[in-house]
A.B. asks: 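Dumping the structure here so I can ask a few things about it.
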Amino acid sequence: YDCQFDKLKPGVSSKSLEEINIFAYGSSSSIEPLNLIVNGEDMCKSKYEDGDELRNIMSLDIHLVFINDKLIKVNYINNFSESKILFDILTNDYKIEFKRNQQEIEKKQSEFFNTTINDNSYFYVLLKNKDRQQEYLEISSDKHIEKLEKHLLKIEETQ
């Protein structure tokens, strides 16, 4: 695929994401987060005509969280149960290497990975249930995630 997932890194400004047609207009408040949902296909330079790659990319939901004009959190959700595209994105676009356990793969067990690199935390989960699976990837800024957590706690306390 010819996509720009590597541009979605915590710490980048919303202005810099305009180069890849992501426009995050909203609150510039220091405590009020801005949530934006992007389709995986929107991240690609060219559109695919047919095939598995198109379905895999199109099935991605990407949730972006901004505070103070900075991207602080990226959540990928793969809704296409046969694909492990998020593992590929993690490896190819973000250059994060995890060794998959062959025994877990053969037993169709869920897989969990996490690491921290350059003040960003990467969490990857492949949940398996018989023949169904769902895949998640979260990338968050360790420096800025506390602001989001405080805001969410404040919302919870007022309810």
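Note: hydrogens, waters and symmetry copies are ignored here, and every other heavy atom, side chains too, is used.
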A.B. asks: Could you give the distance from OG (S140) to CG (L71), rounded to the nearest 0.5 Å?
C.D. replies: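 One gets 10.5 Å once the value is rounded to the nearest 0.5 Å.
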A.B. asks: Check whether any side-chain heavy atom of L60 lies under 4.5 Å from a side-chain heavy atom of I89, and answer yes or no.
C.D. replies: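 Yes, at least one pair of side-chain atoms sits under 4.5 Å.
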A.B. asks: Nearest heavy-atom pair of F123 and N114: which atoms, and what distance?
C.D. replies: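 Residues F123 and N114, closest heavy atoms: CD2-CB, 3.4 Å.
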A.B. asks: For N39, what residues pass the side chain to side chain contact (heavy atoms under 4.5 Å, CB included) criterion, not counting sequence neighbours?
C.D. replies: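 By the side chain to side chain contact (heavy atoms under 4.5 Å, CB included) rule, N39 matches E41, D42.
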A.B. asks: Search all heavy atoms of K70 against all heavy atoms of S13 and return the closest pair with its distance.
C.D. replies: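 So the two residues come closest at NZ-CB, 4.2 Å.
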A.B. asks: Report the distance from atom CD of Q4 to atom CG of N21, rounding to the nearest 0.5 Å.
C.D. replies: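 Between Q4 CD and N21 CG, I get 8.5 Å after rounding to 0.5 Å.
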A.B. asks: Before giving the answer on side-chain contact (heavy atoms from CB on, under 4.5 Å), spell out for I20 and M43 the whole-Å C-alpha distance, their side-chain angles and the decisive distance to 0.1 Å.
C.D. replies: CA-CA 7 Å; I20 58 171; M43 297 297 302; 3.6 Å; yes
A.B. asks: What pair of heavy atoms forms the shortest contact from P10 to I139, and how long is it?
C.D. replies: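 Heavy atoms only, the tightest pair is CD-CG2, 3.5 Å.
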A.B. asks: Do T116 and S121 pair up side chain to side chain, a donor and an acceptor below 3.5 Å, judged on atom types alone?
C.D. replies: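 Their side chains do contain a donor-acceptor pair, which is all the 3.5 Å distance test asks for.
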A.B. asks: So do the side chains of N35 and L64 get within less than 4.5 Å of each other, counting heavy atoms only?
C.D. replies: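 In short, these two side chains do not touch, never coming nearer than 4.5 Å.
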A.B. asks: Is there any salt bridge (charged side-chain N to carboxylate O under 4.0 Å, His left out) pair reaching into residues 115-126, and which pairs are they, with sequence neighbours excluded?
C.D. replies: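 Every pair satisfying salt bridge (charged side-chain N to carboxylate O under 4.0 Å, His left out) with a residue in residues 115-126: D119-K143.
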A.B. asks: Can a salt bridge be assigned to the pair E138 and K73 using a cut-off of 4.0 Å between side-chain N and carboxylate O?
C.D. replies: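 Salt bridge present between E138 and K73.
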A.B. asks: State which residues pass ring-ring contact (aromatic ring centres under 6.0 Å, His included) with F98; sequence neighbours excluded, sorted by chain then number.
C.D. replies: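 ring-ring contact (aromatic ring centres under 6.0 Å, His included) list for F98, sorted by chain: F113.
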A.B. asks: Apply side-chain contact (heavy atoms from CB on, under 4.5 Å) to the pair L137 and N75, showing each step before the final yes or no.
C.D. replies: CA-CA 6 Å; L137 172 60; N75 279 5; over 6 Å; no
A.B. asks: Looking only at heavy atoms, what is the nearest atom pair of K7 and L17, with distance?
C.D. replies: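 Shortest heavy-atom contact: O-CD2, 3.6 Å.
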A.B. asks: Enter the distance from F5:CZ to L90:CG here, rounded to the nearest 0.5 Å.
C.D. replies: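 Spacing of CZ (F5) from CG (L90) equals 12.5 Å.
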A.B. asks: Rounded to the nearest 0.5 Å, what's the gap from CD on E106 to CG on N101? Could you check?
C.D. replies: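 Answer for the CD-CG pair, E106 versus N101, is 9.0 Å.
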A.B. asks: Does the side chain of F23 reach to within under 4.5 Å of the side chain of L36, using non-hydrogen atoms?
C.D. replies: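 Heavy-atom side-chain distance check fails, nothing below 4.5 Å.
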A.B. asks: Apart from I77 itself, what residues make up its hydrophobic cluster, given side-chain heavy atom links below 4.5 Å?
C.D. replies: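 I77 clusters with F112, V125, L127, Y136.
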A.B. asks: Restricting to non-hydrogen atoms, name the atom on N78 and the atom on Q134 that form the minimum distance, rounded to 0.1 Å.
C.D. replies: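 So the two residues come closest at O-CG, 3.6 Å.
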A.B. asks: Check whether any side-chain N or O of S16 sits under 3.5 Å from a backbone N or O of V12 as a donor-acceptor pair, and report yes or no.
C.D. replies: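 Such a contact is absent between S16 side chain and V12 backbone.
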A.B. asks: Nearest 0.5 angstrom please: Q133 CD to K128 NZ, how far?
C.D. replies: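 Those atoms lie 6.0 Å apart.
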A.B. asks: On a heavy-atom basis, which atom in Y76 and which in L86 lie closest, and how many Å separate them?
C.D. replies: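 Closest heavy-atom pair between Y76 and L86: CB-CD2, 3.5 Å.
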A.B. asks: Do E135 and K84 come close enough that some side-chain heavy atom pair is under 4.5 Å?
C.D. replies: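 Sidechains of K84 and E135: in contact.
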A.B. asks: Filter on salt bridge (charged side-chain N to carboxylate O under 4.0 Å, His left out), then keep only pairs touching residues 94-104, sequence neighbours left out; what's left?
C.D. replies: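 The answer is R100-E111.
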A.B. asks: Show every salt bridge (charged side-chain N to carboxylate O under 4.0 Å, His left out) that has at least one partner inside residues 13-25, sequence neighbours left out.
C.D. replies: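 Residue pairs passing salt bridge (charged side-chain N to carboxylate O under 4.0 Å, His left out), neighbours aside: K15-E18.
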